[in-house]
Amino acid sequence: MAVADPGTRLPSVRQLTARHQASPVTVAEAIRQLVAEGLIDARPGKGTYVAAPPDERRAPDLSWQTVALGPRRPGEEDMQALLALPPAGAIPLSGGYLDADLQPAAALGAALTRAARQPASWQRGPAEGRADLRAWFAREAGTGLRADDMVICPGGQAALSTALRALTSPGDTVLVESPTYLGALAAARAAGLRVVPVPADTDGVRPDQLAAAFARTGARLFYCQPLHANPHGATLAGHRRAQVAEAVRDAGAFLIEDDYARDLTIDGEAPPPLAADDPDGHVIYLRSLTKSAAPGLRVAAIGARGPAGTRLRAARLLDDFFVAGPLQQATLEFVTAPAWARHRRALRTALRTRREALLTALRRHLPQLAEQPVPRGGLHLWARLPEGTDDVALAVAAAAEGVVVFPGRPWYAAEPPAPHLRLTYAAAPPDLMDEAVRRLARALLQ
């Protein structure tokens, strides 16, 4: 069989069809297959040519991109690791979303199917989101916020990024709890902000340290999660709420209240949002449904009064115009139906069961990690490690043993005071908790 030299032009499809007595469809499919295998090159408008052997082709030189892109933004690698799917066979004790068994997938799927069949849901709606969905978020918050103060966003992370960009300029300072949500740190750094940590304890952020940080830095923005804070699980104590509000008010600043865990309370009842007692518009209120429903329900709302709200709504337009209409309609149908209340009740019970299963396993295999305050809600335990433990190295060793955990170091804006692990009890079923902690114990002994 003759072998054509690289660069030789092949006959046209018409010629090949006549030569081999094959249909044009068959010839075209054969050419597509040869292109996919790298044996021929298709050059639009010029024809097809025999490809050069791999060892004769010039290797792509992508090194120029290093100069063009410049330094990588800090925090990106940590976010990629946080969102990575667990390898096959590994037990996840890390993650920010509910295990598939806890998600109301059937109810969401039914609502989306009905929404998709309605032509009106595919039409362009208000850029700030459906008025009825915005009104639901405003009512649920139990605040003085109105529907007109809210804007619908494709998830809490998008809402947070918008708020940081709308309320600050590159080089400004933003105060955060220490430790705090990893995604907030990444978004703030991506916006070019200087991040200053404020100490928090089992009662939430310390108001005296917050006031001192405002005075020292001149910051005009504070980000916090007053309810079941991620990663440490603390809820801002009642006696501190007024003091935090006073510190923000005295500084003439804004407070971004990330109310991600409003539907994740396990014990007792959740206190109202800080925005519920904010007559003068210092609180920027953010609530997402993704954490309490399913990763694919990328729907959140952010609200603010006055000029701050106007800036937020304008900034959202620059990002993605609006959230998809069918998703908004399906969300509204789901949260206003009995299925939403049933899901929240079932989720509360399931999270309590999983939290207790993880605590029981820790007491059995790693009792030194079980001596921690137990969060009254949320998805995580914040486990302090023995002094001198390298939490990052431990996470790597745990992965080798088949259990995925996340180190505590990336959750701090500055040096961590002690090594921690964030252990998620919502990502794996209760009957796997004992084996997961057993594997973690083996990693810790290495």
Side-chain angles (χ1 to χ4, degrees), residues 78-79 81-87 89-102 179-183 200 202 225 228-235 260-261 264-267 291 347 350-387 389-412 416-446:
D78 293 328
M79 285 297 293
L82 184 65
L83 295 174
L85 294 175
I91 303 174
L93 291 184
S94 178
Y97 304 107
L98 298 176
D99 182 17
D101 292 341
L102 302 181
T180 194
Y181 170 48
L182 181 56
T202 55
Q225 296 178 330
H228 314 316
N230 180 13
H232 53 89
T235 293
Y260 86 100
L264 300 175
T265 295
I266 299 174
D267 303 324
K291 301 290 188 184
L347 181 60
L351 289 178
R352 180 182 293 111
T353 299
R354 294 184 181 220
R355 184 189 63 182
E356 187 55 37
L358 178 55
L359 287 169
T360 299
L362 287 172
R363 295 183 188 113
R364 180 178 298 131
H365 303 294
L366 287 171
Q368 67 272 37
L369 301 192
E371 298 173 358
Q372 320 285 342
V374 178
R376 300 178 62 190
L379 306 174
H380 319 286
L381 296 180
W382 187 236
R384 179 165 178 164
L385 298 169
E387 290 296 333
T389 304
D390 186 329
D391 56 334
V392 175
L394 176 57
V396 173
E401 293 287 345
V403 58
V404 182
V405 297
F406 208 86
R409 195 177 312 173
W411 305 87
Y412 289 92
H420 288 81
L421 288 181
R422 193 192 72 163
L423 302 177
T424 303
Y425 48 80
D431 57 357
L432 292 182
M433 293 298 183
D434 191 81
E435 176 60 22
V437 176
R438 190 191 303 272
R439 296 179 185 183
L440 179 59
R442 287 200 301 263
L444 188 57
L445 292 175
Q446 293 179 13

Point to revise | Parallel, tilted or perpendicular: rings of His420 and Tyr412 (30°, 60°) | key: tilted
Exercise for review: Mind checking the CH2-CZ spacing from Trp411 to Arg422? Nearest 0.5 Å is all I need.
Suggested key: 3.5 Å
Point to revise | Pairing residues for His380 by the ring-ring contact (aromatic ring centres under 6.0 Å, His included) criterion, not counting sequence neighbours | key: none
Check your understanding: Any side-chain heavy atom of Leu421 sitting closer than 4.5 Å to one from Leu440?
Key -> yes
Review point. At their closest point, which heavy atom of Pro419 faces which heavy atom of Pro386, and how far apart are they?
Key: CG-O, 3.6 Å
Exercise for review: Looking only at non-hydrogen atoms, find the nearest pair between Ala234 and Thr202 and report the distance.
Suggested key: CB-O, 3.6 Å
Revision key, fill the gap. Note: Tyr425 and Gly377 closest approach over all heavy atoms is OH-O, 3.5 Å
Point to revise | Result of checking Asp99, Ile266, Leu351, Asn230 against Leu379 for side chain to side chain contact (heavy atoms under 4.5 Å, CB included) | key: Leu351
Name the atoms and distances for all side-chain donor-acceptor pairs under 3.5 Å in residues 397-404, with sequence neighbours left out.
residue	atom	partner	partner atom	Å
Glu401	OE1	Arg442	NE	3.0
Glu401	OE1	Arg442	NH2	3.4
Glu401	OE2	Gln446	NE2	2.8

Practice item. Indicate yes or no: at least one non-hydrogen side-chain atom of Arg354 is less than 4.5 angstrom from one of Leu358. Key: no
Practice item. Please step through salt bridge (charged side-chain N to carboxylate O under 4.0 Å, His left out) for the pair Glu435 and Arg439, ending with a clear verdict. Key: CA-CA 6 Å; Glu435 176 60 22; Arg439 296 179 185 183; 3.0 Å; yes
**Study point:** Polar side-chain atom of Tyr260 near backbone of His228 as donor-acceptor pair, under 3.5 Å
**Key:** yes
Review point. Under 3.5 Å, side chain of Asp391 to main-chain N/O of Gly408, donor-acceptor pair present?
Key: yes
Review point. From Glu371 CD over to Arg363 CZ, what is the distance, rounded to the nearest 0.5 angstrom?
Key: 10.5 Å
Review point. Below 4.5 Å, heavy atoms only, C-beta onward: do Asp267 and Arg355 meet side chain to side chain?
Key: yes
Point to revise | Separation between CZ of Arg438 and CE of Met433, rounded to the nearest 0.5 Å | key: 15.0 Å
**Study point:** Side-chain heavy-atom pair Val437, Leu369 within 4.5 angstrom cut-off
**Key:** no
Exercise for review: Under the salt bridge (charged side-chain N to carboxylate O under 4.0 Å, His left out) rule, what do Arg409 and Asp390 come out as? Steps first, then yes or no, please.
Suggested key: CA-CA 9 Å; Arg409 195 177 312 173; Asp390 186 329; 3.1 Å; yes
Review point. Hey, what do you get for CZ (Arg376) to CG (Leu264), rounding to the nearest 0.5 Å?
Key: 14.5 Å
Practice item. Look at the side chain of Lys291 and the backbone N and O of Ala261, then say whether any donor-acceptor pair between them is shorter than 3.5 Å. Key: no
Check your understanding: What distance separates Leu423 CG from Gln372 CD, expressed to the nearest 0.5 Å?
Key -> 9.0 Å
Practice item. Using a 4.5 Å cut-off on heavy atoms from C-beta on, say whether the side chain of Phe406 contacts that of Pro231. Key: no
Review point. How close do Pro375 and Gly233 get, heavy atom to heavy atom, and via which atoms?
Key: CB-O, 3.8 Å
Practice item. Taking side-chain hydrogen bond (donor to acceptor under 3.5 Å, both in side chains) as the test, write out the residues that go with Glu387, two or more places apart. Key: Arg384
Study note, to complete from the structure: Scanning both residues in full, the closest heavy-atom pair of Leu182 with Pro410 reads CD1-O, 3.3 Å
